[in-house]
Asks: 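Have a look at this one.
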Amino acid sequence: MGPSITTTIKLPNATTPGATIPAIGLGTWQSPAEQVTDAVAYALSEAGYLHIDCALAYENEKAVKEGLKKSGVKREDIFITSKVWSTYLERVEECVDKILENLGIDYIDLLLIHWPIALNPNGNHPLFPTTPDGKFDIDHNHDLSKTWKAFEDVQKKGKTKHIGVSNFSEYTLLKILPTATIKPAVNQIELHPYLPQWKLLKYLESEGIVPQAYSPLGSTNSPILKDDVIVELAQKYGAEPAQIVIGWFGRSQSHFVPSFTKSMAKNIIVLPKSVTPSRILTNSKPANLSAEDIAKIDALSDNPEKAKRFIKPPWGVKVGFEDWDLA
Ligand SMILES: NC(=O)c1ccc[n+]([C@@H]2O[C@H](COP(=O)([O-])OP(=O)(O)OC[C@H]3O[C@@H](n4cnc5c(N)ncnc54)[C@H](OP(=O)(O)O)[C@@H]3O)[C@@H](O)[C@H]2O)c1
């Protein structure tokens with residue numbers, strides 16, 4: 001079976017034994033405030049979602065809060081993720097308190113370091129400071145292991161149930177893992193048929209870190225939803241292209257080395273974003289693809305013209321991804 005809206009995935013590194021996370025969550029990046037309230041309410045109350053992916057830097061969390069309230073779904077039944085932005089890596093608890101207030105909640109389910117990049121907290125903008133030459137105002141001396149320690153502390157205080165990272169490669173994970181007393185529960189990274197990141201997934205499996213797929217459809221104006229192979233499969237299954245792509249997650253196994261366990265291969269959380277009710281519903285019902293068809297989608301990124309990363313902020317520092325290393 002592929003992921004379904006009711007599938008949950010175990011978090012092996014969670015400090016609470018048996019903790020799980022819903023396999024499909026609603027993304028909210030670039031969801032305009034005036035639309036995200038209804039999108040969140042619809043996803044939770046009508047489409048069966050129980051997982052919302054937020055971030056301070058999306059600047060729409062107050063509107064998400066209205067959606068959470070409007071849905072009528074109980075707080076304890078919803079899994080809420082948010083992320084500490086790069087200008088707050090030395091002020092983690094301050095950022096968490098802002099998130100809690102914005103979302104109108106008294107704990108977060110999963111708190112992530114949004115990027116392994118520290119930006120000047122006293123720069124020319126509270127979220128996106130730049131230097132006079134227009135580049136990001138990076139704090140090159142920041143020690144990520146200190147941020148992770150602050151994450152462990154906010155978890156111990158009960159302000160979040162789980163902690164994790166986002167946009168971390170093996171290179172940046174190694175900046176926090178050696179001194180971590182709580183390992184990251186998840187790593188939220190760009191993952192889709194054009195960027196399957198097999199090698200990083202294998203490494204995450206070895207550390208018990210569950211991958212979360214962001215931009216799973218290929219983000220705004222995605223060419224993946226128009227790809228001939230995806231469109232052909234959509235016709236074959238009588239489904240939308242997005243249902244084929246979401247169905248591929250959790251079933252994509254043919255490229256993994258033999259030791260990559262089948263169960264772990266299914267443990268990818270998918271975070272499709274939409275503000276359109278019909279699409280929110282469509283995305284909650286992924287296609288159940290055959291192994292043969294999964295393999296066809298697995299092969300797409302072998303084509304160098306297709307293999308691509310869509311989310312690539314011009315940080316100008318080493319991030320350590322195989323396809324993106326600006327060292
Ligand atoms: N951690 C990070 O750094 C990071 C980075 C990027 C994303 N994320 C998270 O991952 C989430 C998803 O990524 P994303 O927003 O970049 O992209 P995505 O979910 O891959 O794609 C969203 C785009 O696809 C459209 N869409 C959604 N469902 C569709 C369907 N069934 N048929 C056709 N088009 C459809 C949406 O349009 P409409 O909304 O207009 O319907 C929107 O333009 C984000 O919202 C965010 O929560 C995290």
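Values reported hereafter were calculated over all heavy atoms of this structure, with side chains retained and with hydrogens, waters and symmetry mates removed. Both counts, for ligands and for their atoms, begin at 1 and track the order of listing.
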Asks: Taking the basic N atoms (NZ, or NE/NH1/NH2) and the acidic carboxylate oxygens, is any pair closer than 4.0 Å for D153 and K157?
Replies: no
Asks: Please confirm whether H114 comes under 4.0 Å of ligand 1, counting heavy atoms of the residue only.
Replies: yes
Asks: Under 4.0 Å from a heavy atom of V275: which atoms of ligand 1 are those, numbered in the order shown and with their elements?
Replies: 38 (P), 39 (O), 41 (O)
Asks: I'd like to know if the side chain of H51 reaches the main chain of P22, judged simply by a donor and an acceptor atom lying under 3.5 Å from each other, with no hydrogens or angles considered.
Replies: yes
Asks: Which atoms form the tightest heavy-atom contact between V275 and I280, and what is the distance?
Replies: C-CD1, 4.3 Å
Asks: Shortest non-hydrogen contact from P196 to W248?
Replies: CB-CH2, 4.2 Å
Asks: Answer yes or no: does atom CD of E292 have more than 12 heavy-atom neighbours from other residues, nucleotides or ligands under 6.0 Å?
Replies: no
Asks: Starting from atom 43 (O) of ligand 1, locate the nearest protein heavy atom and write down its residue, its atom name and how far away it is, to 0.1 Å.
Replies: T220 CA, 3.9 Å
Asks: So between P272, S284, A55, S215, whose heavy atom ends up nearest atom 14 (P) of ligand 1?
Replies: S215
Asks: Please find the pair of heavy atoms, one from N221 and one from K226, that lie closest to each other, and give the distance.
Replies: O-NZ, 4.4 Å
Asks: Starting from atom 21 (O) of ligand 1, what is the nearest protein heavy atom, named by residue and atom, and what distance separates them?
Replies: S219 CA, 3.5 Å
Asks: May I ask you to list the atoms of ligand 1 that are less than 4.0 angstrom from any heavy atom of G27?
Replies: 11 (C), 44 (C), 45 (O), 47 (O)
Asks: Could an N or O of ligand 1 be found under 3.5 Å from any N or O of R279, whether backbone or side chain?
Replies: yes
Asks: Of all the non-hydrogen atoms in the protein, which one sits nearest to atom 28 (N) of ligand 1, and at what distance?
Replies: N283 ND2, 3.0 Å
Asks: Give the contacting part of P241 toward ligand 1: side chain, backbone, both or neither, where contact means a heavy-atom distance below 4.0 Å.
Replies: neither
Asks: Report yes or no: does Y58 have a heavy atom closer than 4.0 Å to ligand 1?
Replies: yes
Asks: Applying a heavy-atom cut-off of 4.0 Å, say which part of L225 lies close to ligand 1: side chain, backbone, both or neither.
Replies: side chain
Asks: Name every donor-acceptor pair, under 3.5 Å, that has one atom in a side chain of residues 121-138 and the other anywhere in the protein, sequence neighbours excluded.
Replies:
from: N124; atom 1: OD1; to: T130; atom 2: N; distance (Å): 2.8
from: N124; atom 1: ND2; to: T130; atom 2: O; distance (Å): 3.2
from: N124; atom 1: ND2; to: T130; atom 2: OG1; distance (Å): 3.1
from: H125; atom 1: ND1; to: L127; atom 2: N; distance (Å): 2.9
from: H125; atom 1: ND1; to: F128; atom 2: N; distance (Å): 2.9
from: T131; atom 1: OG1; to: D133; atom 2: OD1; distance (Å): 2.4
from: T131; atom 1: OG1; to: K135; atom 2: O; distance (Å): 3.2
from: D133; atom 1: OD1; to: K135; atom 2: N; distance (Å): 3.2
from: D137; atom 1: OD2; to: N120; atom 2: ND2; distance (Å): 3.0

Asks: Should one rank P313, S274, A39, S166 by closest heavy-atom distance to atom 1 (N) of ligand 1, which comes out on top?
Replies: S166
Asks: With rounding to the nearest 0.5 angstrom, report the CD to OG1 distance, E152 to T15.
Replies: 10.0 Å
Asks: To check your reading of the model: name the closest protein heavy atom to atom 27 (C) of ligand 1, its residue, and the distance in Å.
Replies: K273 O, 3.1 Å
Asks: Out of I246, N187, L217, indicate the one that has the non-hydrogen atom closest to atom 24 (O) of ligand 1.
Replies: L217
Asks: Taking side chain as C-beta onward, heavy atoms only, is Y194 less than 4.5 Å from P223?
Replies: yes
Asks: Any atoms of ligand 1 less than 4.0 Å from a non-hydrogen atom of T276? List them with their elements.
Replies: 38 (P), 40 (O), 41 (O)
Asks: Give the residue and atom name of whichever protein heavy atom lies nearest to atom 47 (O) of ligand 1, and the separation in Å to one decimal.
Replies: D53 OD2, 2.6 Å
Asks: Taking a cutoff of less than 4.0 Å between a non-hydrogen atom of the residue and any ligand atom, is Q188 in contact with ligand 1?
Replies: yes
Asks: Which residue holds the protein heavy atom closest to atom 3 (O) of ligand 1, what is that atom called, and what is the gap in Å?
Replies: N167 ND2, 2.9 Å
Asks: Angle between ring planes, H162 versus F79, binned at 30° and 60°: parallel, tilted or perpendicular?
Replies: parallel
Asks: Considering heavy atoms of the protein only, find what lies nearest to atom 11 (C) of ligand 1 and give residue, atom and distance to 0.1 Å.
Replies: L271 O, 3.2 Å
Asks: Using a strict cut-off of less than 4.0 Å between a Lys/Arg side-chain nitrogen and an Asp/Glu carboxylate oxygen, indicate whether E205 and K202 qualify as a salt bridge.
Replies: yes
Asks: For D97, is there an ion pair with K159 - N to carboxylate O distance below 4.0 angstrom?
Replies: yes
Asks: Can I get a per-line list of side-chain donor-acceptor pairs under 3.5 Å for residues 68-75, giving both atom names and the distance, sequence neighbours left out?
Replies:
from: K70; atom 1: NZ; to: D38; atom 2: OD1; distance (Å): 2.4
from: S71; atom 1: OG; to: L68; atom 2: O; distance (Å): 2.8
from: S71; atom 1: OG; to: V73; atom 2: N; distance (Å): 3.0
from: R75; atom 1: NH1; to: I78; atom 2: O; distance (Å): 2.8
from: R75; atom 1: NH1; to: D109; atom 2: OD2; distance (Å): 3.0
from: R75; atom 1: NH2; to: Y107; atom 2: O; distance (Å): 2.8
from: R75; atom 1: NH2; to: D109; atom 2: OD2; distance (Å): 2.8

Asks: Looking at P216, which atoms of ligand 1 are within less than 4.0 Å of one of its heavy atoms?
Replies: 12 (C), 19 (O), 20 (O)
Asks: Can an N or O of A242 be found at a distance shorter than 3.5 Å from an N or O of ligand 1?
Replies: no
Asks: Check each of W29, W115, Y214 against atom 2 (C) of ligand 1 and report the one with the nearest heavy atom.
Replies: Y214
